[in-house]
Amino acid sequence: MTNQIKIAVIGVGRWGVHLLRNFLAHPQVDVVAVVDPHPERLTAIKQQFDLDDCVVLTTQWEDLKKVPGLTGVAIATPATTHYALIKDALQQGYHVLAEKPLTLNPAECRELCHFAQRHHLILMVDHTYLFHPAVERGKTVVQTGKLGDLRYGYATRTHLGPVRQDVDALWDLAIHDIAIFNAWLGQTPVKVQATGTVWLQGEGSRELTHSPLPSTDAINRVSSHSPSQGLADLVWLTLTYPDNFEAYIHLCWLNPDKQRRLGIVGSLGSLIFDEMSQSSPLTLLHGEFEQQGNQFIPVNQKQVVLELEPGEPLGRVCSCFVVSVLNNTPSEVSSGWVGAELVEILAALTVSFKQGGQPVFLNDLEQK
């Protein structure tokens, strides 16, 4: 078995250029081609990375089919293009690393996963946070019971732009925090709810129409880039897990107060992942109550900053993809199936949003 793979990077915009950087630095990867519809980007990355003349630079995806020995592709293009590109790549026999979300449609995601599985191809999704040292360490803290009985979770992801024109704030931002909660809890939600407001690209905060809960087909048909109320700028989510644990998520792309904060509260303390804190991104806050008569007195309060292993999360994503391809073993952390599961959750949340926040059940979509 060879220990070297040939990779093409498709899309070298804001995120794709970082994929290219990591694959160029990987000792077991030979970057043989780069595809981007903008010629000026190809010129820029050739200069930036001093690419060898033998690296194919092209604006046409079809040109990859002429590249001999191509092993896999990394796709960092707009989400609306994912399904067609990934399907074609798999049909050509290429292993695929795709930027999130896998596609915008749960049925398409499942189709791609089944195809990759049948043809023994790796389909992996770049859910970068799942490879973040703080998320990996946090998972251990939660699942070893250091927080006691889990009570609830919360997350805030806000900033001032960029404002997307293809998807709303839900599809742009929520997948990160949902992925972290799922990983830390070792579960996926059984019920979801979403409400929000449209200010910039739609009819504002008009009253949303209520309708009966959807069927599975309705969720499969959800297309995030053509919502009936416009593109939501502010979204509030509630995720309910099998043990009735609830997580609350606040998302907004027009808030100058930039936050990237997620926490889980338990009976013995809280675990906080604050990405904006350079000195202490992962903190364990000990604290509980002691009842004295009819009073509840805080005791055992202590703050512990947890040490993290060094390493760029995206670099870990790329290394995981290489190992998966070389061993022909899907990633347990971020396989296509993990990506499909997250898309199904987002699609259900979109249905809830369109129905004014009515609960949508992922395992049983019939009304109570």
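Counting begins at 1 with the first residue of the sequence.
- W171 and D166 are not linked by any side-chain donor-acceptor pair at a separation below 3.5 angstrom, with hydrogens and angles left out of the test.
- With sequence neighbours left out, D233 forms a side-chain hydrogen bond (donor to acceptor under 3.5 Å, both in side chains) with W253.
- With hydrogens and angles left out, the side-chain atoms of T77 and T81 include a donor and acceptor closer than 3.5 Å.
- Looking at R157 and D177, a side-chain N of the basic residue comes within less than 4.0 Å of a carboxylate O on the acidic one, giving a salt bridge.
- The number of heavy atoms from other shown groups lying within 6.0 Å of CG (D149) does not exceed 12.
- In terms of the side chain to side chain contact (heavy atoms under 4.5 Å, CB included) criterion, residue partners of N182 (sequence neighbours excluded) are, by chain and number, I178, T188, P189, Y241, L342, I345.
- For Q278, the CD atom is loosely surrounded, since the number of other residues' heavy atoms within 6.0 Å does not exceed 12.
- The backbone N or O of V12 lies less than 3.5 Å from a partner atom in the side chain of D36, making a donor-acceptor pair.
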| message | Is there a salt bridge (charged side-chain N to carboxylate O under 4.0 Å, His left out) between K65 and D88? Walk through the geometry before answering. | response | CA-CA 10 Å; K65 299 172 184 179; D88 197 12; 3.5 Å; yes

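- Remark: W61 pairs with no residue by the ring-ring contact (aromatic ring centres under 6.0 Å, His included) rule, at least two apart or across chains.
- For S267, the side-chain hydrogen bond (donor to acceptor under 3.5 Å, both in side chains) criterion is met by no residue, not counting sequence neighbours.
- W236 and Q193 are not linked by any side-chain donor-acceptor pair at a separation below 3.5 angstrom, with hydrogens and angles left out of the test.
- Of the possible donor and acceptor atoms, one in the side chain of Q143 sits under 3.5 Å from a partner among the backbone N and O of W184.
- With sequence neighbours excluded, the residues that form a side-chain hydrogen bond (donor to acceptor under 3.5 Å, both in side chains) with H18 are R21.
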| field | Trace of the side chain to side chain contact (heavy atoms under 4.5 Å, CB included) decision for L150 with L185 | value | CA-CA 9 Å; L150 302 184; L185 297 170; 3.7 Å; yes

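- Between S280 and S277, the side chains place a donor N or O and an acceptor N or O closer than 3.5 Å (distance only, hydrogens not considered).
- Side-chain atoms of L173 and I175, non-hydrogen and from C-beta on, never get closer than 4.5 Å to each other.
- Crowding of E332 atom CD: a count of heavy atoms from other residues, nucleotides or ligands under 6.0 Å not exceeding 12.
- The heavy-atom pair separating A74 from L19 by the smallest distance is CB-CD1, 4.5 Å.
- H82 contributes a side-chain N or O that, together with a main-chain N or O of P101, makes up a donor-acceptor pair within less than 3.5 Å.
- Using a 4.0 Å cut-off between charged nitrogen and carboxylate oxygen, K6 and D30 do not count as a salt-bridge pair.
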| Derivation of the ring pair (Phe, Tyr, Trp, His ring centres under 6.0 Å) call for H132 and F273 | CA-CA 11 Å; H132 196 294; F273 173 32; 5.1 Å; yes

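- Partners of F181 under the ring-ring contact (aromatic ring centres under 6.0 Å, His included) rule, at least two apart in sequence or in another chain, do not exist in this structure.
- Looking only at side-chain heavy atoms (C-beta outward), I264 and F245 come within less than 4.5 Å of each other.
- Scanning for side-chain hydrogen bond (donor to acceptor under 3.5 Å, both in side chains) contacts around Y248 gives E246, with sequence neighbours left out.
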| Run the side chain to side chain contact (heavy atoms under 4.5 Å, CB included) check on L271 and V142 step by step: do they pass? | CA-CA 8 Å; L271 180 66; V142 173; 3.8 Å; yes

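- Pairs of residues two or more places apart, or lying in two chains, that qualify as side-chain hydrogen bond (donor to acceptor under 3.5 Å, both in side chains) and include a residue from residues 296-308 are E288-N300.
- For W15 and E99, the side-chain atoms include at least one donor-acceptor pair closer than 3.5 Å.
- With sequence neighbours left out, the ring-ring contact (aromatic ring centres under 6.0 Å, His included) criterion links H26 to no other residue.
- Looking at E275 and K258, no side-chain N of the basic residue comes within less than 4.0 Å of a carboxylate O on the acidic one, giving no salt bridge.
- In this structure, Y94 and V325 have side chains that are not in contact, with every pair of non-hydrogen atoms separated by 4.5 Å or more.
- Partners of Y83 under the ring-ring contact (aromatic ring centres under 6.0 Å, His included) rule, at least two apart in sequence or in another chain, do not exist in this structure.
- Side chain to side chain, T103 and N105 fail the donor-acceptor criterion of an N or O pair below 3.5 Å.
- Evaluation of the side chain to side chain contact (heavy atoms under 4.5 Å, CB included) rule for A98 yields I86, V96, L102 as partners, not counting sequence neighbours.
- The main-chain N or O of I122 is found under 3.5 Å from a side-chain atom of H95 such that the two form a donor-acceptor pair.
- Looking at residues two or more places apart in sequence or on another chain, you find a side chain to side chain contact (heavy atoms under 4.5 Å, CB included) between P242 and Q187, V190.
- Contact check on D172 versus R164 returns a salt bridge, with a Lys/Arg side-chain nitrogen under 4.0 Å from an Asp/Glu carboxylate oxygen.
- Between E108 and K87 there is no salt bridge, since none of the side-chain N atoms of the basic residue sits less than 4.0 Å from a carboxylate O of the acidic one.
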